[in-house]
Colleague: 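Before we start, here is the structure in question, set down as C-alpha cells.
For clarity, every value in this text was computed on a predicted model and none was experimentally measured.
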Amino acid sequence: MAISIAIVDNDALSLAALSQGITVFHPAVHILWTATTGMDAVKRCLSKSTQPEVLLTDLSMEDISGVAVCRAIMTKTSHTAVLGITSYALSHYVSQLAEAGAQGIVPKTNIKRICFAIDTVASGKVYSPDPAVIFQSSTAAHRRLEWNGDSAYHLTEREATILALCADGLTTERIMDALCISEATVKTHVKHILRKLGAKNRAQAVAIWMRSTSL
C-alpha cells in the first residue's frame, strides 16, 4: 500500500530535490503536499483532509523550527508520524527532537535512509541514529505531550503569564512592574519561552502561541 507523506522545507530547491529523489527511489510513497513554512505544515497536518501518514520536516527554517513544528503536531494528534531531516550533524537536534515527540531523524542528503525511515515510522516504529536517545511512537508521544498540556507547549504558569503580557504589548519594564520581578528574571523566562516554542524573538513567540491556542 502507498504511504502518504508531506515535506516541509523553506528552501525551494531542496524541497524539489527531496520530492524527486523520494519519488524515484520509493515509488510506493505518495507525496500528498509540500510546504515552505512550518506554520503551513502544522495547519495541514492538523486538518483531516490534508493529514499525511508521515511528515518530513527540515529542522532549520525561517518562520519556526522543525522542533516547534513537531511539538505542535504531536501535541494535537497521533495520526501523523514526524521525521526530522537536516543537513547539519544529527547530534545537534536529536535530543530536543525526541523530546518534542518526533519518531526519528535522518540526514537530508541521504535519500535511501530517508525512504527506509519513512517505511519504519509508517509501520509504527521509530528510527533513531543514537541508541542512547529514546524516540517514541506517534501514539506514545501524543499521549505524553497531550497529558503535559497541549497549546502551552510545556510553558510554566509564569512563562504563560509573561507571554500573555508580551502579547498585550508590554515591555520588559512594564512586565517587571506588573509581576514585581527583576529584569534578569523576565529575560530568563523569555529565553526559556523562545527555546520551548522554537521562536527567534518575542513577536514570533506570540504568533506561535496564539496560533496554537486557536487550532
Colleague: With sequence neighbours left out, write down each residue that passes side chain to side chain donor-acceptor pair (under 3.5 Å) with Tyr93, or none if nothing qualifies.
Modeller: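 Counting only residues at least two positions away or on another chain, Tyr93 forms no side chain to side chain donor-acceptor pair (under 3.5 Å).
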Colleague: Would a distance-only check, ignoring hydrogens and angles, find a side-chain to backbone donor-acceptor pair under 3.5 Å from Glu159 to His189?
Modeller: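 Judged by distance alone, no pair lies under 3.5 Å.
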Colleague: Run the side-chain contact (heavy atoms from CB on, under 4.5 Å) test on Thr37 and Met61 for me, step by step, so that the C-alpha distance in whole Å, both residues' side-chain angles and the decisive distance to 0.1 Å come before the verdict.
Modeller: CA-CA 7 Å; Thr37 68; Met61 293 186 289; over 6 Å; no
Colleague: Please confirm whether the backbone N or O of Cys45 pairs with a side-chain atom of Gln51, one donor and one acceptor, at under 3.5 Å?
Modeller: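 Here the side-chain-to-backbone pair exists.
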Colleague: Please report the closest heavy-atom contact between Pro107 and Leu90, naming both atoms and the distance.
Modeller: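 Closest approach of Pro107 to Leu90, heavy atoms only: N-CD2, 3.9 Å.
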Colleague: Do the non-hydrogen side-chain atoms of Leu97 and Cys70 ever get within less than 4.5 Å of each other?
Modeller: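 Touching, per the 4.5 Å side-chain cut-off.
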Colleague: Using a 3.5 Å distance criterion without hydrogens, assess whether the side chain of His30 forms a donor-acceptor pair with backbone atoms of Ile3.
Modeller: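 No, the answer is negative, given that no donor and acceptor are paired below the 3.5 Å cut-off.
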Colleague: Counting N and O atoms only, with roles assigned by atom type, does the side chain of Asp9 sit under 3.5 Å from a partner on the main chain of Leu15, one being a donor and the other an acceptor?
Modeller: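 No: the side chain of Asp9 does not pair with the backbone of Leu15.
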Colleague: Atom CG in Leu46, atom OG1 in Thr75: separation rounded to 0.5 Å?
Modeller: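 Result: 9.5 Å between the selected atoms.
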Colleague: How far does OG of Ser4 sit from CG of Leu55, to the nearest 0.5 angstrom?
Modeller: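 Reported to 0.5 Å precision, the distance equals 11.0 Å.
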Colleague: Check Leu59 against Gly84 and note the closest heavy-atom contact, atom names and distance.
Modeller: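 Minimum heavy-atom contact is CD2-CA, 4.0 Å.
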Colleague: So, do Ser138 and Val82 sit near enough that their side-chain heavy atoms are less than 4.5 Å apart?
Modeller: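 Sidechains of Val82 and Ser138: no contact.
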Colleague: Could you report the tightest heavy-atom contact between Ala117 and Val106, atom names first, then the distance?
Modeller: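 What the structure gives for the nearest pair is CB-CG1, 3.6 Å.
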Colleague: Does any part of the side chain of Leu197, heavy atoms only, come nearer than 4.5 Å to the side chain of Leu163, both counted from C-beta?
Modeller: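 The answer is yes, as the side chains (C-beta and beyond) meet within the 4.5 Å cut-off.
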Colleague: For residues Phe135 and Val94, determine if any side-chain heavy atom of one lies less than 4.5 Å from a side-chain heavy atom of the other.
Modeller: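 Sidechains of Val94 and Phe135: in contact.
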Colleague: Which atom pair, heavy atoms only, marks the closest approach of Arg44 to Thr34?
Modeller: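 It is NH1-O, 3.7 Å.
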Colleague: Quick one: do Ile5 and Leu83 satisfy side-chain contact (heavy atoms from CB on, under 4.5 Å)? Show the steps, please.
Modeller: CA-CA 10 Å; Ile5 73 166; Leu83 274 173; over 6 Å; no
Colleague: Give a yes or no on whether the backbone of Gln136 and the side-chain of Gln103 come within a donor-acceptor separation of less than 3.5 Å.
Modeller: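 Yes.
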Colleague: Rounded to the nearest 0.5 Å, what separates atom CD1 in Ile193 from atom OG1 in Thr188?
Modeller: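 One gets 11.0 Å once the value is rounded to the nearest 0.5 Å.
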Colleague: If you measure from OG on Ser95 to CD1 on Ile134, what distance do you get to the nearest 0.5 Å?
Modeller: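 The distance works out to 11.0 Å.
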Colleague: Hey, could you give me the CD1/NE2 distance between Ile73 and His142, rounded to the nearest 0.5 Å?
Modeller: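 With rounding to 0.5 Å, CD1 (Ile73) is 12.5 Å from NE2 (His142).
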Colleague: How close do Ala41 and Ala35 get, counting heavy atoms only, and between which atoms?
Modeller: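 Residues Ala41 and Ala35, closest heavy atoms: N-CB, 4.3 Å.
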Colleague: Is the shortest distance from a Lys or Arg side-chain nitrogen in Arg71 or Glu99 to a carboxylate oxygen in the other one below 4.0 Å?
Modeller: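 Salt bridge between Arg71 and Glu99, a charged N being under 4.0 Å from a carboxylate O: yes.
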Colleague: Are a donor atom and an acceptor atom from the side chains of Ser49 and Ser47 found within less than 3.5 Å of each other?
Modeller: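 A donor-acceptor contact under 3.5 Å links the two side chains.
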Colleague: Identify the two heavy atoms, one from Thr80 and one from Pro52, that lie closest to each other, and give their separation to 0.1 Å.
Modeller: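 That closest heavy-atom pairing would be OG1-O, 2.7 Å.
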Colleague: Do Val8 and Asp58 have side chains that approach each other closer than 4.5 Å (heavy atoms only, starting at C-beta)?
Modeller: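 Val8 vs Asp58: side chains apart.
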Colleague: Starting at NZ of Lys187, measure out to CG of Leu194 and round the result to the nearest 0.5 Å.
Modeller: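 Output value for this atom pair is 12.5 Å.
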Colleague: With side-chain contact (heavy atoms from CB on, under 4.5 Å) as the criterion, how do Val190 and Thr172 come out once you've worked through the C-alpha distance, each side chain's angles and the decisive distance to 0.1 Å?
Modeller: CA-CA 10 Å; Val190 170; Thr172 295; over 6 Å; no
Colleague: If we check side-chain contact (heavy atoms from CB on, under 4.5 Å) with Leu170, which of these qualifies: Leu179, Ile162, Ile175?
Modeller: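 Answer after filtering Leu179, Ile162, Ile175: Ile175.
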Colleague: With side-chain contact (heavy atoms from CB on, under 4.5 Å) as the criterion, how do Leu18 and Ile114 come out once you've worked through the C-alpha distance, each side chain's angles and the decisive distance to 0.1 Å?
Modeller: CA-CA 9 Å; Leu18 281 168; Ile114 290 175; 3.8 Å; yes
